[in-house]
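All values derive from a computational prediction rather than experimental measurement. Protein chains get the first letters and strands the later ones, always in sequence-line order, with residue 1 at the start of each.
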Amino acid sequence: MVNLEQSFAFKINPIAPYDFGLTIRKPMGWSLFSPLEIYQKTTVWTALRLETNLVGLKLSSRGTVNEPCIAAKMYLKEKPPRENLDSIKSSLIHCIGADDDLHEFYAMAKEDSILKHAVEDLYGMHSTSMGDTVFPSAVLAILLQMAPLKRSNDMMDCVIRKYGDVAEFDGKMIHAWPSPGQVANLNPSEFAKTCKIGYRAGRILNLAEKLVKESFPTLRGLEMLSSEDAKKKLLELPGIGDYSADIINPHGGFPIDVWSAEVFSKLFFGKEPENNREAVEDVKNEGVCRWGKWSWMAFFYIVQDLENLSKKLNLKLRLA
DNA sequence: GCGTCCAGGTCTACC
DNA sequence: GGTAGACCTGGACGC
């Protein structure tokens with residue numbers, strides 16, 4: 001357990017529209033930074049790693065969708081130098097999507113026969129990231145491979161509980177994702193057995209080892225590259241293939257797997273594919289062609305709005 | 001109760 | 001360079 005005694009309060013003014021509730025806890029249940037964070041009305045207590053620091057966070061909404069304001073209180077173990085504190089704040093603002101301007105995406109989406117419903121239903125929802133390094137997203141992507149969602153969630157829960165730090169602050173105890181260094185030297189078979197993650201244990205350990213031994217760009221570093229170069233870089237990571245790279249890529253990909261291939265086939269072509277796995281490539285091409293640089297945002301909005309879209313478009317869309 | 005299938009992919013050996 | 005098969009586990013399903 002890590003006691004985070006140093007606290008820093010500040011305000012965040014996200015770029016409107018910004019719906020705090022939809023962004024912090026997505027309609028399909030996706031958490032902000034950790035599945036073990038705590039929600040209470042318009043406040044969330046959570047924890048993540050920013051610039052190698054374990055950071056405890058209390059975020060409370062103090063505004064509206066069109067005039068958003070967030071009261072943030074950040075908890076650290078030690079007081080960092082001023083420039084580091086500013087940098088950590090800036091990373092946090094980026095992670096919660098508060099610096100993300102949705103106007104251009106909305107202008108495109110309102111002209112799209114599928115997306116127009118989703119952006120109406122989820123107006124002000126922003127995409128978020130789980131820290132400033134690729135590790136949490138990459139582990140999540142590996143745990144999503146070849147498993148039903150419930151099992152992926154169970155595996156993720158176990159990895160965080162058993163191997164992550166527990167941040168103690170503001171009377172709460174929040175489990176955060178482990179760093180690569182915390183898992184790199186684990187025994188593979190013991191890791192696999194403890195969290196029942198099977199062959200994924202080896203992939204996560206290889207990934208952690210590479211990130212510990214070699215320098216790898218942060219998510220912001222990858223953003224500085226072109227989308228294609230960022231993806232190429234991500235594909236160098238062990239256990240990360242086309243689907244996983246599209247989940248991690250900060251430029252946003254179109255991560256189609258066998259489940260989403262079925263959903264998007266119905267949306268694009270009005271019918272269920274004969275073989276979901278074989279449909280992945282066609283669906284991916286159609287999505288990227290249709291939405292281009294907004295493919296990830298389109299994917300994100302649609303997946304979060306499947307229940308409403310099923311009714312509005314009169315399609316039976318299998319929920320995640 | 002038991003056996004079989006397959007799921008929100010990736011890697012590797014083999015051709 | 002293309003592709004079949006292996007990989008952990010557990011829930012669903014048929015018998």
Side-chain angles (χ1 to χ4, degrees), chain A residues 26-31 35 127 130 134-163 183 186-211 231-249 252-268 272-288 295-307 309-310 315-320:
Chain A
K26 317 293 186 298
M28 293 306 290
W30 297 8
S31 50
S127 178
M130 295 190 289
V134 299
F135 191 61
S137 320
V139 175
L140 169 66
I142 290 172
L143 295 179
L144 284 170
Q145 294 167 9
M146 286 300 285
L149 189 60
K150 184 189 173 302
R151 185 168 171 228
S152 293
N153 284 334
D154 289 345
M155 292 189 281
M156 181 165 49
D157 200 84
C158 179
V159 169
I160 294 173
R161 278 184 195 277
K162 298 276 184 188
Y163 302 104
V183 296
L186 293 176
N187 177 290
S189 55
E190 197 180 314
F191 184 34
K193 202 174 166 187
T194 302
C195 288
K196 297 176 181 174
I197 58 178
Y199 66 90
R200 298 169 194 82
R203 293 187 181 171
I204 293 173
L205 297 187
N206 289 339
L207 169 72
E209 197 179 341
K210 181 176 172 80
L211 292 176
K231 184 163 180 176
K232 210 177 286 180
K233 196 76 194 159
L234 287 166
L235 289 171
E236 291 175 9
L237 295 172
I240 302 303
D242 186 76
Y243 165 77
S244 301
D246 276 349
I247 289 182
I248 308 165
N249 195 343
F254 197 57
I256 296 300
D257 47 39
V258 293
W259 162 73
S260 50
E262 179 190 315
V263 169
F264 281 88
S265 282
K266 288 179 181 171
L267 288 168
F268 290 150
E272 193 170 329
E274 286 180 19
N275 181 312
N276 288 359
R277 201 169 285 282
E278 287 174 7
V280 167
E281 198 174 339
D282 286 346
V283 167
K284 195 174 173 93
N285 290 338
E286 178 70 19
V288 170
S295 296
W296 164 252
M297 286 301 281
F299 177 90
F300 173 56
Y301 263 75
I302 286 170
V303 166
Q304 299 302 327
D305 198 38
L306 285 180
E307 210 168 333
L309 285 173
S310 292
L315 291 168
K316 279 190 179 174
L317 301 173
R318 188 157 61 96
L319 301 183

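Applying the side chain to side chain contact (heavy atoms under 4.5 Å, CB included) criterion to S310(A), with sequence neighbours excluded, gives L317(A). Scored by the side chain to side chain donor-acceptor pair (under 3.5 Å) test, N285(A) finds no partners at all (sequence neighbours excluded).
In this structure, CG on D157(A) lies 10.5 Å from NZ on K162(A), to the nearest 0.5 angstrom. Rounded to the nearest 0.5 angstrom, I247(A) CD1 and N249(A) CG are separated by 11.5 Å.
For the pair N206(A) CG and dC7(C) C1', the computed distance is 14 Å after rounding to whole Å. One can place CE of M146(A) at 16 Å from P of dG11(C), the figure rounded to the nearest angstrom. Distance, R200(A) CZ to dT9(C) C1': 7 Å, rounded to whole Å. Whole-Å rounding puts the W259(A) CH2 to dG11(C) C1' distance at 19 Å. To the nearest angstrom, P of dT9(C) lies 18 Å from CG of N153(A). Atom CD1 in I142(A) sits about 14 Å away from atom C1' in dC7(C), given to the nearest Å.
A donor-acceptor contact under 3.5 Å is not formed by the side chain of R203(A) with the base of dC8(C).
Among the heavy atoms of the strands, none lies under 4.0 Å from P255(A). Residue S244(A) is in sugar-phosphate contact alone, with no base atom involved, counting any heavy-atom pair closer than 4.0 Å across all strands shown. Using a 4.0 Å heavy-atom criterion, one finds that D154(A) contacts no nucleic acid atom at all. Residue I240(A) is classed as a sugar-phosphate contact, given heavy-atom separations below 4.0 Å to backbone atoms only.
Judged as a salt bridge (charged side-chain N to carboxylate O under 4.0 Å, His left out), the pairs with a partner in residues 195-209 of chain A (not counting sequence neighbours) are, in order, E209(A)-K213(A).
Of all nucleotides in DNA chain B, those with any atom nearer than 4.0 Å to a heavy atom of chain A start and finish, going 5' to 3', at dA7(B) to dC11(B).
Residue E236(A) qualifies as enclosed at atom CD: its count of foreign heavy atoms under 6.0 Å is above 12.
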Task: Which nucleotides of DNA chain B pair, in dot-bracket form (Watson-Crick or G-U under 3.5 Å, | meaning another strand) - done: |||||||.|||||||
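When atom types are taken as modelled, the side chain of K284(A) and the backbone of F254(A) share a donor-acceptor pair closer than 3.5 angstrom. With hydrogens and angles disregarded, a donor-acceptor distance shorter than 3.5 Å links the side chain of S152(A) to the backbone of L143(A). Under a 3.5 Å cut-off, the side chain of W259(A) and the backbone N or O of R318(A) do form a donor-acceptor pair. Formation of a donor-acceptor pair under 3.5 Å by the Q145(A) side chain with backbone atoms of G239(A) is found in this model.
When the P atom is used for both dG8(B) and dG5(C), the distance is 22 Å, rounded to whole Å. Across dA7(B) and dA6(C), the matching C1' atoms stand 15 Å from one another, rounded to whole Å. dC11(B) sits 23 Å from dG10(C) when the P atoms are compared, rounded to a whole Å.
Taking a 4.0 Å limit (strictly below) on heavy-atom distances, residues 187-198 of chain A does not reach DNA chain B anywhere.
The aromatic rings of F264(A) and F299(A) sit parallel to each other, their planes meeting at less than 30°, with 60° as the upper class boundary.
Residue whose closest nucleotide on DNA chain B sits further toward the 5' end, between P238(A) and W30(A): W30(A).
Nearest heavy-atom pair across S127(A) and W296(A) is OG-NE1, 3.1 Å.
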